[in-house]
Engineer: 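What follows is a single structure, and I will ask about it in a moment.
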There are 2 protein chains.
Amino acid sequence: MMTIGEAARTSGVSAKMIRYYEETGLIPSAGRTGSGYRTYGPKDVQILRFVRRARDLGFPMEKVADLLALWRDRDRASADVKRLAQDQINALDQRIREMEAMKASLTHLVHCCAGDERPDCPILEDLGGPAPAPSQAQ
Amino acid sequence: MMTIGEAARTSGVSAKMIRYYEETGLIPSAGRTGSGYRTYGPKDVQILRFVRRARDLGFPMEKVADLLALWRDRDRASADVKRLAQDQINALDQRIREMEAMKASLTHLVHCCAGDERPDCPILEDLGGPAPAPSQAQ
DNA sequence: CTTGACCTTCCTATCATGGGAAGCCCCATA
DNA sequence: TATGGGGCTTCCCATGATAGGAAGGTCAAG
């Protein structure tokens, strides 16, 4: 049995976050010593490490909760886990594409900008330019 | 002169956000009618559109403020603008790389998972696995 | 018994945005 | 002129995941 500080060090989850995860119900409430200190065993640390790794893969906490539930369920179907993982890949892909689009726009603008001591700048001209014509789209 | 609602529609920035930008000093305080309604002219809408576009390129509000300052400064050096844009490209690149790494890990795990009705799942095994050996790194 | 490290709870902030309530204002129409 | 509906105002709250800090209790080593 260890204190929250030791559990934090061995799991890679900060003590702050461990308490937060407990408060929100993501993880079960830790045991307590007579004086109120939380206590953690190897199993608890494993759960925390699980959460940590799922977060490192970009899963939002809600999905981490789903993964934890499947992990605990010995009768799960691996298809359910795989679907969660695939959904997360798709979500990442979506965000990557959005950022790639931003990057492409910026890269174009940067290539058009002299980048010298003169004030003329196509980047600012683009940002401050007129609204694109609505082109009578219905 | 238009109301905040019209300014929102023509600039693409919500009325909520226009008030927030004003409150935080990103944009100058709007004029007011006798009865307290904010008023916006074409110049104000142009500023709002500028902010909107910079945000669409992923600039954090702090950098948007820097861009606005350069935009207003007729003696700016385009090099300063270009540097901000390049920094933003680098920041995007960083985040894209992080997400690509997550995606690669997940893709590997997904390929290893049967995805059927059986409970055996390498994804969960990986998440719940033991801590990687510290390998006596100093 | 003191000291310092650790634990507890509670409150605050972040970043950018949306939601909603309570109340005032403006305009058009009956 | 009265009324109704939509728009405006301010103020408060929530998000998601995390960090910071204050005030106070606890533990262990010296």
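These numbers come from the heavy atoms of this one structure, side chains and all, not from hydrogens, waters or symmetry mates. Quick note on labels: first sequence line is chain A, next is B, and so on, each numbered from 1.
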Engineer: Please examine the side chains of B:Arg55 and B:Phe50, heavy atoms only from C-beta on, and report whether any two atoms are closer than 4.5 Å.
Structural biologist: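 No - every pair of side-chain heavy atoms lies 4.5 Å or more apart.
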Engineer: Starting at atom CD of B:Glu6, determine the distance to atom C1' of D:dG7, rounded to an integer number of angstrom.
Structural biologist: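 Rounding to the nearest Å, CD of B:Glu6 and C1' of D:dG7 are 10 Å apart.
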Engineer: Below 4.5 Å, heavy atoms only, C-beta onward: do B:Ser105 and A:Leu57 meet side chain to side chain?
Structural biologist: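 Result yes, sub-4.5 Å side-chain heavy-atom pair found.
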Engineer: Could you tell me from which nucleotide to which nucleotide of DNA chain C, 5' to 3', there is an atom under 4.0 Å from chain A heavy atoms?
Structural biologist: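 Contact boundaries, 5' end first: C:dC6 to C:dC10.
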Engineer: Is the shortest heavy-atom distance from the side chain of A:Arg53 to the side chain of A:Phe59 under 4.5 Å?
Structural biologist: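 The answer is no, as the side chains (C-beta and beyond) never meet within the 4.5 Å cut-off.
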Engineer: Given side chains that start at C-beta, do those of A:Asp120 and B:Ser78 come closer than 4.5 Å, heavy atoms only?
Structural biologist: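 Result no, sub-4.5 Å side-chain heavy-atom pair not found.
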Engineer: Look up atom CD1 in B:Ile96 and atom CE in A:Met99, then write down how far apart they are to the nearest 0.5 Å.
Structural biologist: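 Nearest 0.5 Å value for the CD1-CE distance: 5.0 Å.
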Engineer: Students often get this wrong, so: under 4.0 angstrom with heavy atoms, is B:Arg38 touching a base, only sugar-phosphate, or nothing?
Structural biologist: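 Answer is sugar-phosphate: B:Arg38 comes under 4.0 Å of backbone atoms only.
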Engineer: Mind calculating the distance between OH (B:Tyr40) and P (D:dG7) to the nearest angstrom?
Structural biologist: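 Nearest whole value for this atom pair: 16 Å.
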Engineer: Are OP1 or OP2 of D:dG7 and a side-chain N or O of B:Thr3 less than 4.0 angstrom apart?
Structural biologist: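 Answer is no, no contact under 4.0 Å.
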Engineer: Have a look at the helix from C:dC1-D:dG30 to C:dA30-D:dT1 and give the angle its two end axes make, five pairs each, rounded to 10 degrees.
Structural biologist: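 Roughly 30°, once rounded to the nearest ten degrees.
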Engineer: Return a single string for nucleotides 16-30 of chain D, one symbol per nucleotide in 5' to 3' order, where B is base contact, S is sugar-phosphate-only contact and - is none, cutoff 4.0 angstrom on heavy atoms.
Structural biologist: -BBSBB---BBS---
Engineer: Measure the CD-CG distance between A:Glu98 and B:Asp56 for me, rounded to the nearest 0.5 Å.
Structural biologist: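 A:Glu98 atom CD to B:Asp56 atom CG measures 10.5 Å (nearest 0.5 Å).
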Engineer: For the atom pair CD1 (B:Ile89) and NZ (B:Lys82), what is the distance rounded to the nearest 0.5 Å?
Structural biologist: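 Going from the CD1 atom of B:Ile89 to the NZ atom of B:Lys82 covers 9.5 Å.
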Engineer: Taking only Lys NZ, Arg NE, NH1 and NH2, and the carboxylate oxygens of Asp or Glu, determine whether B:Asp93 and A:Lys103 approach each other closer than 4.0 Å.
Structural biologist: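 A salt bridge is present here (some side-chain N lies under 4.0 Å from a carboxylate O).
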Engineer: Quick one: B:Arg9 CZ to D:dG6 C1', roughly how many Å, whole number?
Structural biologist: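 One finds 11 Å between C1' of D:dG6 and CZ of B:Arg9, rounded.
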Engineer: Could you state the interatomic distance from CZ (B:Arg97) to CG (B:Leu92), rounded to the nearest 0.5 Å?
Structural biologist: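 Rounded to the nearest 0.5 Å, the CZ-CG separation comes to 11.0 Å.
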Engineer: Just do the side chain to side chain contact (heavy atoms under 4.5 Å, CB included) check on B:Leu70 and B:Leu84 with the steps written out, would you?
Structural biologist: CA-CA 10 Å; B:Leu70 287 170; B:Leu84 280 175; 3.6 Å; yes
Engineer: Dump the intermediate steps for salt bridge (Lys or Arg N to Asp or Glu O under 4.0 Å) on A:Arg83 and A:Asp80, then the final yes or no.
Structural biologist: CA-CA 5 Å; A:Arg83 182 156 14 85; A:Asp80 291 340; 2.7 Å; yes
